[in-house]
Amino acid sequence: MSDAPVSSPAPSSALSGTKSMDDIMALCKRRGFVYQASEIYGGINGFWDYGPLGAQLKKNLREAWWEDMIMIPCWGRKGPGGERVRCVPVETRIIQHPKVWEASGHIAGFNDPMVDDKETKQRFRADHLVGLFVPPGDASTHDELSRYLADDTLVPHATFVDGSPFEIFQRILEDKVLRKKLGLGNAKACFEGQTGGDKALLEIETRHGQRRAAVGYVPLTLLQKFNDKIPSPFTQMAGSLTQPRQFNLMFKTYIGATAGEDDIAYMRPETAQGVFVQFKNVVDTTRVKVPFGIGNTGTSFRNEVTPRNFTFRSREFDQAELEFFCHPSESVEWYKFWRDFRMEWWQSIGLKGENLILREHDKDELSHYSQGTSDVEYRFPFTAPGFGELEGIAHRGDYDLTQHQKHSGVKLDYFDTERGEPLPNGSPKGERYIPHCIEPAAGLDRGVLALLCEAYTKDASRPSPEIMKFHPRIAPIKAAVFPLVNKDGMPEVAEKLHGELSRRFGRQGFIETDAKQSIGKRYARMDEAGCPFCFTIDGDTLKDQTVTCRDRDTGAQQRIALDQVPAFVGEKLGVG
RNA sequence: GCGGGCGUAGCUCAGUGGUAGAGCGUCACGUUGCCAACGUGAAAGUCGAGGGUUCAAGUCCCUUCGCCCGCUCCA
């Protein structure tokens, strides 16, 4: 932490789980952090706006990310190879060629058909439905049974959703009670060695004698044709399942004024693909050398099934993503490097303590192409005692560049002039490869929400019980200047100091001043808004040129020289 | 999409079918001597929206929208 650019506030010991989300939401509205979108029209489900303080808070978070990831990556630290980390930005469009989303897998992956069981009110993904298929005639070979699964002609004898075909297969083998319930006699595994993840073969006894049966995924086409005949996985009764319904998680739009079906485009569900699509241009035009990163920030859209939990699962949200490209042999080292740095970074802006965790995904949780994924997770009041994801750091291998190379027909490999056997003239021969990619992908709106939840503090012993303890670096209001009373020359001194602080720090956040009402009330207002420091001009200021500096978190006061105030603020904000 | 809860001033909430209320906050004026001080005054509401019952609806009924909680979902 010694190279972190700013000093840290006192760690907050309060667990998020003990804070009230209702209180936090009320304060967010009252102080202008978060408003409901389109509120005067009744609001619109899944969308939230930021008020003045929220907008500045989010801007500070985005800029902290930009500074520490792009301009001076990792606070100037060296990467695993001993060189400084190098990153460049791009800014890519929300709307891309529709093929981008075919290549990335989002159009397929974000269109999961769902089925509801009308009896039990349960919903499941249609492609998770596993059936036990008992053919009417004899089907003794793997191929013959497989044909039934692909044929869409055989209605399953029973269905399941909580497991892979192989797991269901094992359950049927081992569970006598289940077999009885399904009207089956003895069962044993057959075709040893041919059982696999997506189908498995059983030898069973039924009323009609010895049969061979298959366990496999129920094809979608079969569900559409026979869904009134397919038994519910929850009751094994037919007739209670709905038709498979598309849940379109991609936002669709139309390009051009005479929009028709040919003009369909999609709003991006993540900013990362913009980087992969421009990878070749960045390499060709900016003299970057692997290893290096490309950062991209901006708005993304997902038609969440159920937007919930304040701004946590909004349908429109901002991301800050870095795609870091490296040689395959160094990728695991870089993955660990970024994983650890990103955790440290969130801690550096105030998410201290046990509410923040780094969670390494289990092997079976990983995408098929990933060699490692970690989440930085925060214990929100609404997830406690569980955690919600703020950022995912994924080892994506060469998956994305390979996909786009395949779909676009454009070569996306990289010629590394510093690798390969030395040539007779001493220079390396060079090596051509598709770089591996490490992706730290942060949610900015979730980050803001975590900062709000972490900052929110209720302290009944204080005259103003609600305090937003933002880290000075991200606090939307940086400082406030008050005349103790609105006379005797104090307002003039306050005005001068306010002007000076505004000139020096007004780019980082608001500098407030207020001469109305009691000093306690003015302090209290700043506590709720999360202003870390208040400077008060009093009678002594006129005599000895000192002011009171009041600390938000403790309420403690110290006197400092009037002309030292800008230096004091600069040091606390880390901008000298 | 299902089930439950809620929706009255900026916030927190009272409100028995019969005049729209309180506290806090906000603003103005006065006062002021370091923690939501005090006094006086003011602004602020289509009672979420639409329809119905009634002489009369914030209150009863129906529909709808939004928020919260639990399911479901989150490549």
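Each chain gets a letter, A, B and so on, in the order the sequences are listed, and its residues count up from 1.
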Between B:rC71, B:rG66, B:rG33, spot the one nearest the side chain of A:Gln36, thanks. B:rG66

Nearest-angstrom distance, C1' atom, B:rG17 to B:rG10: 30 Å

Using the P atom in both, what is the distance from B:rU19 to B:rA56, to the nearest Å? 15 Å

If you measure from the C1' atom in B:rG41 to the same atom in B:rG70, how many Å do you get, rounded? 49 Å

Hey, which of A:Tyr266, A:Trp101, A:Phe317, A:Phe251 is the one that makes ring pair (Phe, Tyr, Trp, His ring centres under 6.0 Å) with A:Phe301? A:Phe251

B:rA36 base / A:Glu528 side chain donor-acceptor hit below 3.5 Å: yes

Protein-nucleotide distance (A:Met25, atom CE; B:rG66, atom C1'), rounded to Å: 11 Å

Side-chain contact check for A:Ser464: nearest option of B:rC29, B:rG33, B:rA36 is B:rA36

Any strand: nucleotide that pairs with B:rG1 via Watson-Crick or wobble, under 3.5 Å: B:rC71

Determine the Euclidean distance between corresponding P atoms of B:rU64 and B:rA75; express it in Å to zero decimal places. 31 Å

Return the value, rounded to whole Å, for the distance between atom NZ of A:Lys29 and atom C1' of B:rG7. 12 Å

Assign each of A:Lys487 and A:Ser518 the nucleotide of RNA chain B bearing its closest heavy atom; nearer the 5' end lies the nucleotide of A:Lys487

Euclidean distance, atom CD of residue A:Gln557 to atom P of B:rG33 [Å, nearest integer]: 15 Å

If you only use heavy atoms from C-beta on, which nucleotide in B:rU32, B:rA36, B:rG3 is closest to the side chain of A:Asn486? B:rU32

NA contact type, A:Leu484, heavy-atom cut-off 4.0 Å: base, sugar-phosphate, or nothing? base

Remember a base hit wins even if backbone is also touched, and classify A:Arg522 as base, sugar-phosphate or nothing at under 4.0 Å, heavy atoms. nothing

For the pair made of CZ in A:Phe251 and P in B:rC74, what is the distance, rounded to whole Å? 17 Å

Under a 3.5 Å limit for both distances, which nucleotide forms a Watson-Crick or G-U wobble pair with B:rU19, could you say? none

Picking from B:rC34, B:rC67, B:rA37, which would you name as closest to the side chain of A:Thr536? B:rC34

For atom P, what is the distance between B:rA14 and B:rG48, given to the nearest Å? 13 Å

Minimum-distance nucleotide (side-chain atoms of A:Arg31 versus B:rA36, B:rA75, B:rC67): B:rA36

Name the nucleic acid region contacted by A:Phe310, choosing base, sugar-phosphate or nothing; use a 4.0 angstrom heavy-atom cut-off, strictly under. sugar-phosphate

Taking the same atom, P, in B:rC34 and in B:rA28, what whole-Å distance lies between them? 23 Å

What's the gap between B:rA9 and B:rG23 when it is taken at their C1' atoms, as a whole Å value? 12 Å

Using purine N1 to pyrimidine N3 plus N6-O4 or O6-N4 for Watson-Crick, or N1-O2 and O6-N3 for G-U wobble, both under 3.5 Å, which nucleotide pairs with B:rU46? none

Residue closer to the 5' end of RNA chain B, A:Ala556 versus A:Ser104 (nearest nucleotide): A:Ala556

Within the structure shown, what part of the strands sits under 4.0 Å from A:Phe482 by heavy-atom distance: base, sugar-phosphate, or nothing? nothing

Base, sugar-phosphate alone, or nothing: which one does A:Asp538 contact when heavy atoms must sit under 4.0 Å apart? base

Under 3.5 Å for both donor-acceptor distances, Watson-Crick or wobble: does B:rA56 have a partner, and if so which one? none

Please work out if A:Arg550 contacts a base, only the sugar-phosphate, or nothing of the nucleic acid, heavy-atom cut-off 4.0 Å. base

Going through the checks in order, is the side-chain hydrogen bond (donor to acceptor under 3.5 Å, both in side chains) test met by A:Glu439 and A:His395? CA-CA 6 Å; A:Glu439 175 189 85; A:His395 185 314; over 6 Å; no

Please work out if A:Gly32 contacts a base, only the sugar-phosphate, or nothing of the nucleic acid, heavy-atom cut-off 4.0 Å. nothing

Which pair of heavy atoms, one from A:Gln273 and one from A:Arg396, lies closest together, and at what distance? NE2-NH2, 4.5 Å

Checking base pairs now: Watson-Crick or wobble, both atom distances under 3.5 Å. What partners B:rA36? none

Less than 3.5 Å apart, any donor N or O on the side chain of A:Asp459 or A:Thr457 sitting next to an acceptor on the other? no

Applying a 4.0 Å non-hydrogen cut-off, can you work out what A:Glu39 is touching in the nucleic acid: base, sugar-phosphate, or nothing? nothing

Using a heavy-atom cut-off of 4.0 Å across all strands, would you classify A:Met526 as base, sugar-phosphate, or nothing? nothing

Does the side chain of A:Ser20 reach to within under 4.5 Å of the side chain of A:Pro381, using non-hydrogen atoms? no

It should be established whether A:Asn309 places a side-chain nitrogen or oxygen under 4.0 Å from OP1 or OP2 of nucleotide B:rC69. yes

A:Asn45 side chain near B:rC67 phosphate (N/O to OP1/OP2, under 4.0 Å): yes

Protein-nucleotide distance (A:Lys521, atom NZ; B:rG33, atom C1'), rounded to Å: 17 Å

Heavy atoms from C-beta onward define the side chain here; which of B:rA36, B:rA75, B:rG3 lies closest to that of A:Arg308? B:rG3

Provide, to the nearest angstrom, the distance between the CZ atom belonging to A:Arg313 and the C1' atom belonging to B:rC73. 7 Å

So what's B:rC24 paired with, Watson-Crick or G-U wobble, going by both distances under 3.5 Å? B:rG10

Could you tell me whether A:Asp488 contacts a base, only the sugar-phosphate backbone, or nothing, with contacts defined as non-hydrogen atoms closer than 4.0 Å? base

Any salt bridge between A:Glu360 and A:Arg339, counting N to O under 4.0 Å? yes

Looking just at side-chain N and O atoms, do A:Thr548 and A:Arg559 make a donor-acceptor pair shorter than 3.5 Å? yes

Tell me: NE2 of A:His106 to C1' of B:rA75, nearest whole Å? 7 Å

Using a 4.0 Å heavy-atom cut-off across all strands, classify A:Glu466 as base, sugar-phosphate, or nothing. nothing

Cut-off 3.5 Å, no hydrogens considered: what does the side-chain donor-acceptor table look like for residues 39-54 of chain A, sequence neighbours left out?
residue : atom : partner  : partner atom : Å
A:Glu39 : OE2  : A:Lys29  : NZ           : 3.4
A:Trp48 : NE1  : A:Phe310 : O            : 3.1
A:Tyr50 : OH   : A:Asp445 : OD1          : 2.7

With P as the reference atom in both, quote the distance from B:rG52 to B:rG58 in angstrom, rounded to an integer. 14 Å

Taking donor-acceptor contacts at under 3.5 Å, does the side chain of A:Tyr41 reach the base of B:rC65? no

Would you please indicate if the ring centroids of A:Phe33 and A:Phe470 are separated by under 6.0 Å? yes

Output the rounded distance in Å from CD (A:Glu316) to P (B:rC74). 22 Å

